[in-house]
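Working notes, structure below.
These values consider heavy atoms only, across backbone and side chains, with no hydrogens, waters or symmetry-generated copies. Just so we're on the same page: letters track the sequence lines, and every chain starts at 1.
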Number of protein chains: 2
Amino acid sequence: MAARGDRPRIGQVADLAGVSATTVSHALNGRRPVSAATRKRILDAIEQLGYRPNVVARGLRAGRTMTIGLVIPDITNPFYPVLARGLQDVLGPAGYDEIVTNTNGERDLERLALDKMISRQVDGIAFAVFHTHPDDLRPVIDAGIPVVRLGGRQAQPGVDLVHSDDESSAAEATRHLLRTGYQQIAFVCGPAAEGPAAERVAGYRAALQEAGHAVDPDLIAYTEFSRAGGAAGVGGLLDLARPPDAVLCANDVMAIGALDAARERSLRVPDDLAVMGFDDIEAASLVSPQLTTMANPAREIGQACGRLLIDRISDAVGGDATEVIIPARLIRRQSA
Amino acid sequence: MAARGDRPRIGQVADLAGVSATTVSHALNGRRPVSAATRKRILDAIEQLGYRPNVVARGLRAGRTMTIGLVIPDITNPFYPVLARGLQDVLGPAGYDEIVTNTNGERDLERLALDKMISRQVDGIAFAVFHTHPDDLRPVIDAGIPVVRLGGRQAQPGVDLVHSDDESSAAEATRHLLRTGYQQIAFVCGPAAEGPAAERVAGYRAALQEAGHAVDPDLIAYTEFSRAGGAAGVGGLLDLARPPDAVLCANDVMAIGALDAARERSLRVPDDLAVMGFDDIEAASLVSPQLTTMANPAREIGQACGRLLIDRISDAVGGDATEVIIPARLIRRQSA
DNA sequence: TTGAAAGCGCTAACAT
DNA sequence: ATGTTAGCGCTTTCAA
């Protein structure tokens, strides 16, 4: 019907209300007082015309777009939607919107995404990647755009960091198993103990030692991050001369594999074998028995990131780079 | 380091390359020929200065922001991330970015979200809601912004619609069960047969009749859309004088409940009882036995939506509202 | 408490 | 093939 261009502009509101565009602007943004009577006429005019301010023009003039860029590997990975929601929990009420880009974890796409965010004049960036070279963030930092890195370890000047506390959550999981009475606790990790996996192994070790237990290297299985990998890893452990009575798996999918291995050997979970995972994916509460696990605090991470971003944006220039560490929560269900 | 404002502008590129800003613009956008030599000098200047065009200014001037609004209830609901990715599959290569808003399915927030999208001058909107009043879309239509509705039924002039084919996918599921040799096929649906659930029941009936089977009303159970609901519904069915040998559940979570009910009665799945679901959530392949289900084609829906949006945007004014129906896919696993 | 005028960075007519 | 000029819709000095 109505063609593209004929949306009312601020000038039409001003005319109808019998004031200047300046006053309409101030009535809308509250940056200087407007008399009650004038304000009412303006509001009426806006209502009558169905006026909606053009945020693009505003952004150009004001140098703030009220937009945050979220750069992630893949929104389809269940961790990221929750993170995005956490971000929005705090950014939304503050008036910011999110623009989301998937990078598939490819470095070229990551760089492109960052360039795009600069071009779009976002006010801040939440950047969730693992293996990005610090140089890739240079252009963003030079452009004066606050960035918060999600996950990963290496701190970088000018870049705040938010991540979960892998080490202490592994320790907490181990303590839970110990407390419940299990004696031979095994850890099933990925192909190599690197990245977050390494920290989890460290937490597992620390909790064992703190309880006066020896750490038996045979009880650490290296395998694939998959259901089959989990089943194979636990299978190997159960063939040991002194098999474990509890296994802590590096993620829930592997823990589901552990359940498979137990079922195959007619072991009862948690009586003959306790199983714990990490992440608390949806499926964790859907399998039988339901998985006891450490919830990956994705939402809290997103919220912390949002808070950090807002602080940086308003501070113009803040202090040193911050590191925020979010603890994981123990979710007790049936498997341990 | 560098303060906010001193990013290079197009004029500086022009100066360094010894041409006018106009020529730089055209070298970038290809809307008019630029000699090879000039182009090279421009590209060099851009490289040297680290220039990135200001998309906000471009959007204001050109009246196109290259931005699409995605309005959904909750990105945390596993259906929507996949949808969002499908959208991006086709929109990304065309140069569009997505801005995402969650409405929690609340009408007020939906209206607010739409207003925001108008204010942000998005070039198109993907709107995933169920119970919105057609009036709520008026402002968007009046603003000349193409909208595609995702899911829901009621067609509305000026609004294209993309949704999955619930009826025929239920029919296909039923036929699969029939073909495999099951005789007494039950349907476990929600508290009432309305919305998509009604269509699934219709498809189930149609397939039964088409195969010459009677439709026994006792074999349709009404229950909650939850795991416990599914277990209860199937439990009731199994207590019938002539219990079913197969159950089709309105979603995967209920089907997992059906698995619980079977386990409780020591029924083997799929030998004693076949179980099927809808959606193909992640957990469907993680439970034991793995669930046979009809995959909700979220990604395809997103892609179709993206294509529609691009068509509408480029056409200036297109023809009548279109309805695109995406068929679901049968995912054969172990439970049927 | 309110206005007038300038300008954010870019693209599109209209020139040549 | 390239340049000049005007202006997208708003906010912000500066002035009253």
Side-chain angles (χ1 to χ4, degrees), chain A residues 3-42 45-46 49-67 95 118-123 143-144, chain B residues 3-42 45-46 49-67 95 118-123 143-144:
Chain A
R4 200 73 197 252
D6 47 11
R7 303 181 218 180
R9 292 165 291 109
I10 197 171
Q12 306 186 26
V13 175
D15 289 349
L16 184 57
V19 295
S20 72
T22 304
T23 301
V24 176
S25 171
H26 285 108
L28 248 28
N29 301 294
R31 308 181 75 84
R32 107 182 169 185
V34 173
S35 79
T38 308
R39 153 166 294 116
K40 177 166 177 8
R41 268 182 300 131
I42 291 175
I46 287 177
L49 294 173
Y51 170 74
R52 286 174 187 80
N54 181 328
V55 173
V56 176
R58 177 183 288 172
L60 176 60
R61 175 64 235 230
R64 294 175 307 112
T65 54
M66 301 306 285
T67 307
I118 298 176
S119 273
R120 285 195 176 267
Q121 313 284 111
V122 297
D123 296 331
Chain B
R4 201 73 197 250
D6 47 11
R7 302 182 218 179
R9 293 164 291 109
I10 197 170
Q12 306 187 25
V13 175
D15 289 349
L16 184 57
V19 296
S20 71
T22 304
T23 301
V24 176
S25 172
H26 283 109
L28 248 27
N29 300 294
R31 308 180 76 83
R32 106 183 169 185
V34 173
S35 78
T38 308
R39 152 166 295 117
K40 177 164 179 6
R41 267 181 302 131
I42 293 175
I46 289 177
L49 294 173
Y51 169 74
R52 284 174 188 79
N54 182 328
V55 173
V56 176
R58 179 183 285 173
L60 175 59
R61 175 66 236 230
R64 295 175 306 113
T65 54
M66 301 306 284
T67 307
I118 298 176
S119 273
R120 286 195 175 266
Q121 313 284 112
V122 298
D123 296 332

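One interatomic measurement links the two molecules: CZ of R32(A) to C1' of dA16(D), which rounds to 11 Å at whole-angstrom precision. When the P atom of dG7(C) is taken as reference, atom CZ of R61(A) falls 9 Å away, rounded to whole Å. Spacing between atom CZ of R9(B) and atom C1' of dC8(C) amounts to 10 Å, rounded to whole angstrom units. Residue R120(B) contributes atom CZ, which lies 15 Å from atom C1' of dC10(D) at whole-angstrom precision. In this structure, R7(B) places its CZ atom 15 Å from P of dC8(C), rounding to the nearest Å. The interatomic distance linking H26(B) (NE2) with dA12(C) (C1') rounds to 7 Å, in whole Å. Between R64(A) atom CZ and dC8(C) atom P the separation is 17 Å, expressed in whole Å. Rounded to whole Å, the distance from CG on L28(B) to P on dT11(C) is 7 Å.
Contact annotation: Y51(A) side-chain N/O to dC10(D) OP1/OP2 distance is under 4.0 Å. Here R58(A) does not reach the OP1 or OP2 of dG9(D): none of its side-chain N or O atoms lies under 4.0 Å away.
Put simply, the side chain of Y51(A) reaches to within 4.5 Å of the side chain of L28(A), judged on heavy atoms. With contacts defined as side-chain heavy-atom distances shorter than 4.5 Å, the pair T67(B)/V55(B) does not qualify.
Checking dT11(D), dT11(C), dG9(C) against every side-chain atom of N54(B), the shortest atom distance belongs to dG9(C). For L60(B), the side-chain atoms get nearest to dC8(D) when compared with the rest of dT4(D), dC8(D), dT1(C). Here dG3(D) is the nucleotide among dG3(D), dC10(D), dT2(C) with the atom lying nearest to any side-chain atom of S20(B). Across dT12(D), dC10(D), dT11(C), the shortest atom-to-atom separation from the side chain of A62(A) is found for dT12(D).
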Apply the test side chain to side chain contact (heavy atoms under 4.5 Å, CB included) to residues N54(B) and R7(B): give CA-CA distance (whole Å), side-chain angles for both, the deciding distance (0.1 Å), then the verdict.
CA-CA 10 Å; N54(B) 182 328; R7(B) 302 182 218 179; over 6 Å; no

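Heavy atoms of V55(A) sit nowhere under 4.0 angstrom from any nucleic acid atom. Within the 4.0 angstrom heavy-atom criterion, only backbone atoms of the sugar-phosphate kind lie near V34(B); the bases stay farther away. Nucleic acid contact class of V19(A) (heavy atoms, under 4.0 Å, all strands): sugar-phosphate only.
Scanning atom types as modelled, one donor and one acceptor separated by under 3.5 angstrom connect the side chain of T22(A) and the base of dT12(D). No donor-acceptor contact under 3.5 Å links the side chain of T38(B) to the base of dA1(D). Remark: the S25(B) side chain and the dA12(C) base include no donor-acceptor N/O pair separated by less than 3.5 Å.
Under a 3.5 Å cut-off, the side chain of S119(B) and the backbone N or O of R52(A) do not form any donor-acceptor pair. At distances below 3.5 Å, at least one donor-acceptor pair connects side-chain atoms of R41(B) with backbone N or O atoms of A17(B).
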